[in-house]
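Throughout, protein chains are lettered first and strands after them, A, B, ... in sequence-line order, and every chain is numbered starting at 1.
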Amino acid sequence: MQQRSSTVQEPHAETAHRPTPPPAWRPRTDPAPLLPDTEPLRVLGTDAVADADPALLRRLYAELVRGRRYNAQATALTKQGRLAVYPSTTGQEACEIAAALALEERDWLFPSYRDTLAAVARGLDPVQALTLLRGDWHTGYDPREHRIAPLCTPLATQLPHAVGLAHAARLKGDDVVALAMVGDGGTSEGDFHEALNFAAVWQAPVVFLVQNNGFAISVPLAKQTAAPSLAHKAVGYGMPGRLVDGNDAVAVHQVLTEAVARARRGGGPTLVEAITYRIDAHTNADDATRYRADGEVEAWRAHDPVLLLERELTARGLLDEDGRRAAAEAAETMAAELRERMNADPVLDPMDLFTHVYAEQTAQLREQAAQLRAELEAEGESR
Amino acid sequence: MQQRSSTVQEPHAETAHRPTPPPAWRPRTDPAPLLPDTEPLRVLGTDAVADADPALLRRLYAELVRGRRYNAQATALTKQGRLAVYPSTTGQEACEIAAALALEERDWLFPSYRDTLAAVARGLDPVQALTLLRGDWHTGYDPREHRIAPLCTPLATQLPHAVGLAHAARLKGDDVVALAMVGDGGTSEGDFHEALNFAAVWQAPVVFLVQNNGFAISVPLAKQTAAPSLAHKAVGYGMPGRLVDGNDAVAVHQVLTEAVARARRGGGPTLVEAITYRIDAHTNADDATRYRADGEVEAWRAHDPVLLLERELTARGLLDEDGRRAAAEAAETMAAELRERMNADPVLDPMDLFTHVYAEQTAQLREQAAQLRAELEAEGESR
Amino acid sequence: MTTATTGAAAKAAGRTKPATMAQALQRAMRDAMAEDPTVHVMGEDVGTLGGVFRVTDGLAKEFGEDRCTDTPLAEAGILGAAVGMAMYGLRPVVEMQFDAFAYPAFEQLVSHVAKMRNRTRGAMPMPMVIRVPYGGGIGGVEHHSDSSEIYYMATPGLHVVTPATVEDAYGLLRAAIASDDPVVFLEPKRLYWSKSDWSPEAPARVEPLGRAVVRRPGTSATLITYGPSLPVCLEAAEAATAEGWDLEVVDLRSLVPFDDETVAASVRRTGRAVVVHESGGFAGPGAEIAARVTERCFHHLEAPVLRVAGFDVPYPPPMLERHHLPGVDRVLDAVARLQWEAGN
Amino acid sequence: MTTATTGAAAKAAGRTKPATMAQALQRAMRDAMAEDPTVHVMGEDVGTLGGVFRVTDGLAKEFGEDRCTDTPLAEAGILGAAVGMAMYGLRPVVEMQFDAFAYPAFEQLVSHVAKMRNRTRGAMPMPMVIRVPYGGGIGGVEHHSDSSEIYYMATPGLHVVTPATVEDAYGLLRAAIASDDPVVFLEPKRLYWSKSDWSPEAPARVEPLGRAVVRRPGTSATLITYGPSLPVCLEAAEAATAEGWDLEVVDLRSLVPFDDETVAASVRRTGRAVVVHESGGFAGPGAEIAARVTERCFHHLEAPVLRVAGFDVPYPPPMLERHHLPGVDRVLDAVARLQWEAGN
Ligand SMILES: Cc1ncc(C[n+]2csc(CCOP(=O)(O)OP(=O)(O)O)c2C)c(N)n1
Ligand SMILES: Cc1ncc(C[n+]2csc(CCOP(=O)(O)OP(=O)(O)O)c2C)c(N)n1
Ligand SMILES: [Mg+2]
Ligand SMILES: [Mg+2]
């Protein structure tokens, strides 16, 4: 071998045939446990259901029946012009209810625009939950009172909020968990990515629940992603991904409860994908026949969340005619009350336009408020 | 069992204990082949290098030496005030060179702000490549002539461009592939996520090369992601992720060439993570001692891309003193020419401010141009 | 930027009348797609569904999903991909579903779409239309009624165009698609269902970009407006005759470039002007309009140029929006404040 | 929003003089963090490195990484996380690395930060500062020199504040952090290294937000400016004395809310005004300023309010930026055009 000149430093030649990874390479997490199971978890109809607490099953059932009725009532209110718009969760009640029930009181829920039912199941007055959709104000409740963030319309933008809140709680030493809800379509947004990444890097106590209901308005999942499942995205952030049958209330409840517990004990975030289906159109204003076949809807009706649970309870003797009637009646009472309360016109003060823009009203807004007040007074006089 | 009433349709009770997944659940892709290997691919120093084409090895070596010299020269130009700023790729030459060489002439390169070397290796005049950093204009070349997109400063924003271009080419029936470069920090941006998702859904012929050089300015990878590797993100989009030793020019070239071929034959996008290291500071304006230890840099110097290849070539008798000298001299010639050409002041026309804002200059810009022209004339007179 | 006709396509398609603005927009895209294979429509729900406002209805069926594409739900990705498509010679027509949902694409718009031609010295133009349904008045819940035009006006490199009539919806969108520059095409939501006897036989006009038009000649004062506020101004002008005011109404149509010629000529004639839009007043479009009209017509002005605008508040919920939107009365109040006693 | 002093903290820290604006900003955050444990600084490279402009230098060391946090590289994520932190009662101070790199966070800013208080009827305020280094003049390559203030001014719910002096950098940032509303705090990059004999002993003032200040009294005309253009205007005012003009210079400091009182009082006195900023003129801040000054002072004006601004083009490359930035000569040219022959 000739004499060598080199501009770079040269270690011993005998190492040449020992392939070593580059210095910085340390696989930090084993990816295997982060990957979801190949099939969505189901409990109902399996042997695992034997372990489920009968009280929980009954509670879930009552809530599902109530949730179904709530969806029907809210949809009816759109027809009566009492709601500007309603995005129904008929068929998705198991996810909505389980999300609410998986949380402790001190925890926070971050709903998307569709998730009024989850807020109601968490204890929010349905009239307050529906304020946004009635149109008398944007957020109809005090988020801090209920620990429910405002219903979020810009898709996926609530996810980083959930991460920030959970992170802040942890910094303060509070064992608070945030659960954030998003749709299959919302997972395509950059905010989804950034939120999951922040959550994993900060090991924030947050649970992401993706309700994969097959569609983003008219766009089917196949045009939204080519991933094996949405839960498979988790590994790319270093958090576990869980896949669950979103119409199996017990399974969703179990997966979310585990994820919440994990987050609470400092185990970091989890991504949960619940496979479900939007039985109604996107909203009352949408015409779903333009983009999907009736047969698809029918197949899903046979896999209805209320039905699945009812069947289980009945088979195990936990539900009889009286029980069903009681659940139905309770739901009916809720619906009647909701209908009645929503039939009253909300009391509105146009001056609210200016009240909460800033902590202190600016001179500029005081001027504009005075203009509106003068107009309203003139209107009042002319009436 | 008592008589049952139900609001929902009830299939036969005997199906109750047969767990079936929800109707829409079809695992569309097997995740296993999408996951990266547990260790980054290396060729140099392994038996696999025996298969490598000696001509390719020599070519890579000459380019690496030239690239190293280019980095040194560009850095020197900042000290002489001839460049406003220079983000060096010293230590990352294997990635830069391999990216350029993996592409055919008809393909497109989408470099980030750091990747002038890749553009130069693809054949772009270094003076044109450095225009942005000298500061006489933004993009110093015609992207269509060279099929090199403008050097992109807003991180990750070039990735959707690459997807769109690749998609457009495919729609037109051209077998063109786009290769897009991004840093480890850039993978945290929403645009990274959206681009990869679009690419996978559209099966666009695009290759994403992440140069994981350990830092985003001062922020180390551990604060950027908790993922097992950045390549693990691929599975969440339904595309293969590959992990490669980014200082092993042959390995990077091999992985990129395979990914490009796959994209070209309609196999869709690939995410490649190359593990490398930024030997210099973020830019000449940065002080890397504030955030990293010298020992770390030294460890990486022992894993230098030029060194690794030189050692291999020498061991196999493919490189002798003459060869080294020839490579060094060619690099020196390039550097001397670059230095000389960059020492000339660029000819600037201030009126260019207005020339390319719109296809046709608006009346408003004509007015403003007239103002500047008058000022320049007055200035000229007063001199 | 020429005035052309597309009689052949129009005849072939056999339009019915009256047509809505949504239909005119659809027809503009259809005609453009038929004429030019590089025109691609893309966005959320634009394909199978035909868009939430049905503006792209039928395009996917007629031209295939590759020409009218349902994208994943990610606005930055949509616009970013469109940039890449334009780089390769296509002419993307991007639909943003609502005004506020264009914000995620803001960086792509400002840092790439608007600047690409300039940063490449003209080598890489961005012929692209970004259609944005904008403004309120349709009872939309929060984030569905923003007037975002100022964000686009303040970004050099973009054209900003907004039709107020069915005819212009067709003519301006055709011109926008034909333009070699990026055009933010703002569609007034509450005029989507406005109708006009848009003749199916007569050749459809492709309007030049950058030209305002006098919709109602008058002598007392000029109302300067655009898009959703044009009908308000026309109604106000009619009502004003009862007070003895003969108001001229100028429809800007193009916010960028701005037609100083038409606007200044009108104000010089009338000596008084009110700018009317529903966007917030502070740092809104009316600020620029008032400032430049004043610069150009100062000694012709009998009174300061006044602005009638939405309040400087987040867009209100549906049940309160009528208090926010400038209506006929507010326009007339402003006209009354034009210091009539002082001058002629 | 009161004028307070923080003498104790100031004394304890023992400042040296003269101090740069960057140091004053650092000290403002340091004092705020020491006083209020809910103040959290976050952004790209703000921790170990102390920020690319070293404005957060030492904060991570002094207060720990949980109080001054290097985030992942994602501006929407940073601002979105800050929203969640504010929801839980913290006061995030977010650094955006450069003006153009705040654009990815635009949706979070406009649709959440600015609106949260309003949409929740005051239940959920957003006490938060978003620090944005802005403007040119430092030889930055593309996307590093944007004047983005108009985007924020046009968004109701935000305060928009920008210091022009070392003292104000401290006083206004303290006030911004203390504010219960979100404040976009625009830091003029080219003044980061400007110095002042900022007394370490004297109590440091916390300036009220929303108040302009007359930096130089004068009688002939008013130069209305802010941030990076203040030194230009002061220099122009000095130069103007040679021409016999005695110019008043108003530093706005706060673009939102706007101090009409101070500005209008000045213009009524002088009868002439020029607005000076480096942001583009068309639909820029000067449009609003000119329009509202004209509305309020019309009959006091001897000439239209003129604007001296950056050209309406994408920010130029380093070697050409001096032709873009409004300098003393352009200001004086505008003053000369204020129709002196017409009036007094
Ligand atoms: C950022 C953003 N873009 C677009 C929209 C308009 N939009 C409202 S709902 C919807 C589809 C959402 O689909 P998915 O996330 O699957 O939720 P789902 O409606 O199925 O519950 C779209 C596109 C929006 N609200 N926000
Ligand atoms: C959207 C955006 N945010 C912030 C910046 C400022 N910035 C420039 S380079 C850089 C770090 C990039 O790190 P990485 O992606 O790892 O690339 P590298 O510099 O290591 O090549 C940052 C934060 C930017 N250019 N664009
Ligand atoms: Mg969905
Ligand atoms: Mg890096």
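The closest side-chain donor-acceptor pair between His277(C) and Arg307(C), if any, does not fall under 3.5 angstrom.
In this structure, Arg134(B) pairs ionically with Asp136(B), as a charged nitrogen and a carboxylate oxygen lie closer than 4.0 Å. A salt bridge links Asp345(B) with Arg82(B): the distance from a Lys NZ or Arg NE/NH1/NH2 to an Asp or Glu carboxylate oxygen falls below 4.0 Å. Under a 4.0 Å N-O distance rule, the pair Arg253(C)/Asp259(C) does not qualify as a salt bridge. Checked for salt-bridge contact, Glu367(B) and Arg296(C) meet the test: a charged N lies under 4.0 Å from a carboxylate O. Between Arg264(B) and Asp107(B) there is a salt bridge, since a side-chain N of the basic residue sits under 4.0 Å from a carboxylate O of the acidic one.
In terms of heavy-atom pairs under 4.5 angstrom with chain C, the leader among Thr362(B), Leu365(B), Asp174(B) is Asp174(B). When each of Trp202(B), Trp108(B), Trp137(B) is checked for heavy-atom pairs under 4.5 Å with chain C, Trp137(B) comes out on top. Chain B forms more heavy-atom pairs under 4.5 Å with one residue of Arg119(C), Met126(C), Glu261(C) than with any other, namely Arg119(C). Ranking Arg292(C), Met85(C), Arg121(C) against chain B, the residue ahead of the rest is Arg121(C), based on heavy-atom pairs under 4.5 Å. Highest contact tally toward chain B, considering only Gln108(C), Met124(C), His40(C), is held by Gln108(C) [criterion: heavy-atom pairs under 4.5 Å]. Contact count against chain C (heavy-atom pairs under 4.5 Å) is highest for His356(B) among Gln364(B), His356(B), His138(B).
At distances below 3.5 Å, not a single donor-acceptor pair connects side-chain atoms of Asp146(C) with backbone N or O atoms of His143(C).
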Decide yes or no on ring-ring contact (aromatic ring centres under 6.0 Å, His included) for His193(B) and Tyr237(B), but give the supporting numbers first. CA-CA 9 Å; His193(B) 173 72; Tyr237(B) 305 100; 5.4 Å; yes
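Between Glu194(B) and Asn197(B), every side-chain heavy-atom pair lies at or beyond the 4.5 Å cut-off. With contacts defined as side-chain heavy-atom distances shorter than 4.5 Å, the pair Pro240(B)/Arg262(B) qualifies. Contact check for Phe198(B) versus Leu159(B): no side-chain heavy atoms found under the 4.5 Å cut-off.
Heavy atoms closer than 4.5 Å to chain C are found in both the backbone and the side chain of Thr157(B). Using a 4.5 Å cut-off between heavy atoms, Arg67(C) does not touch chain B at all. Contact annotation for Ala162(B): neither backbone nor side-chain heavy atoms come within less than 4.5 Å of a heavy atom of chain C. Using a 4.5 Å cut-off between heavy atoms, Leu196(B) makes no contact with chain C at all. Ala359(B) touches chain C through backbone and side chain together, each having a heavy atom under 4.5 Å away. Within the 4.5 angstrom heavy-atom criterion, only side-chain atoms of Met42(C), from C-beta onward, approach chain B. Heavy atoms of Val163(B) lying under 4.5 Å from chain C are absent altogether. For Thr120(C), the parts lying near chain B are the backbone and the side chain together; criterion is any non-hydrogen pair under 4.5 Å. Heavy atoms of Asp142(B) lying under 4.5 Å from chain C belong to its backbone as well as its side chain.
Near-neighbour residues of residues 68-78 of chain C relative to chain B, defined by a heavy atom under 4.5 Å from a heavy atom of that chain, comprise Thr69(C), Thr71(C), Pro72(C), Ala74(C), Glu75(C), Ala76(C), Gly77(C), Ile78(C).
Shown here are the salt bridge (charged side-chain N to carboxylate O under 4.0 Å, His left out) partners of Arg106(B), two or more places apart in sequence or in another chain: Asp175(B).
In this structure, Tyr141(B) and His146(B) have perpendicular ring planes: the angle between them is above 60°, well past the 30° mark.
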